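Each remark here refers to the structure printed beneath this line.
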Amino acid sequence: MGHLIRLTLALLAAAAALAADPKPIRVLVGTGGHTHNASFYTWLSQRKDLEIEVDGHPSLFRRDFRKTTDVLVLYDLADVVEETRRENLRAFVESGGGVVLLHHSIADNQQWAWWSEEVVGGKYLLEPERGLPKSVFQHDVEFTVRPVAEHPVTRGIEPFRILDECYKGMWISPKAKVLLETEDPHNDRPIAWIGPHTNARVVYIQLGHGTEAHTHPAWRKLVDNAIYWAARREQ
Ligand SMILES: [Zn+2]
């Protein structure tokens with residue numbers, strides 16, 4: 001009997017430890033192709049809930065990362081052109097991985113329609129296409145952002161002001177589920193959305209150019225919410 005009680009207590013303690021300390025979310029941060037302030041990394045440091053790996057182009061996607069990554073966070077601006085690297089990225093997405101796209105990563109893969117149309121649901125146009133002119137940007141605009149949908153990514157987010165870079169004239173898919181909007185004339189109205197892919201969990205958050213965004217509590221909360229949702233671990 002004593003053994004049984006001890007075993008039960010041990011099991012209870014193990015269960016409590018599991019509940020208190022779930023396995024960290026394995027995050028692969030992809031960078032390269034665009035300069036960025038070191039403040040981008042401040043939200044990643046000292047995290048016990050995330051196990052973070054940073055990789056940059058051109059080594060990013062050289063290996064099959066399905067078994068080592070729960071969420072891919074992209075803060076890059078590059079085209080993946082080699083077939084092996086495309087296959088690895090495609091395999092991760094098709095297998096239901098999480099993808100959180102930040103800021104200038106909306107201009108990734110200009111020549112890969114599958115990426116912008118089926119995964120991201122949007123594209124910053126570096127060249128005119130689809131009868132649309134090139135997209136434009138404007139730095140250092142202070143504007144108001146409002147959540148427009150009930151979603152785990154916008155949970156706890158109230159309307160907020162932020163000093164950040166505006167993008168205008170992006171192609172945005174009618175299949176994108178818009179989460180945040182702004183009425184500022186320097187920007188397109190949608191400023192964050194859920195991508196259309198049906199297996200993967202994909203979020204795009206336009207905000208995040210510089211230190212003002214990287215240290216903004218609403219930006220940090222949005223990115224955290226997006227990572228947890230993409231990892232299927234809604235808080
Ligand atoms: Zn920028």
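Quick caveat, the model's predicted, so the values are computed rather than measured. Counting starts at 1 for both ligands and their atoms, in listed order.
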Could you go through the side-chain contact (heavy atoms from CB on, under 4.5 Å) check for V223 and L102 one step at a time? CA-CA 9 Å; V223 175; L102 300 174; 4.0 Å; yes
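Sorted by first and then second residue, the pairs that involve residues 32-46 and meet side chain to side chain donor-acceptor pair (under 3.5 Å), not counting sequence neighbours, are H36-Y41, N37-S39, N37-T211, S39-T211, S39-H214, T42-R220.
Annotation: salt bridge (Lys or Arg N to Asp or Glu O under 4.0 Å) contacts of E165 (sequence neighbours excluded): none.
The Zn ion (ligand 1) has H103 NE2, E165 OE1, H209 ND1 as its protein N, O or S neighbours under 2.8 Å.
Remark: of the listed residues L28, V54, V29, L89, L28 is the sole one forming a side-chain contact (heavy atoms from CB on, under 4.5 Å) with L60.
Taking the six-membered ring wherever Trp is involved, the centroid distance between the rings of Y167 and F137 does not fall below 6.0 Å.
Membership of the apolar cluster around L125 extends to L132, W171, as traced through chained side-chain contacts below 4.5 Å between ILVMFWY residues.
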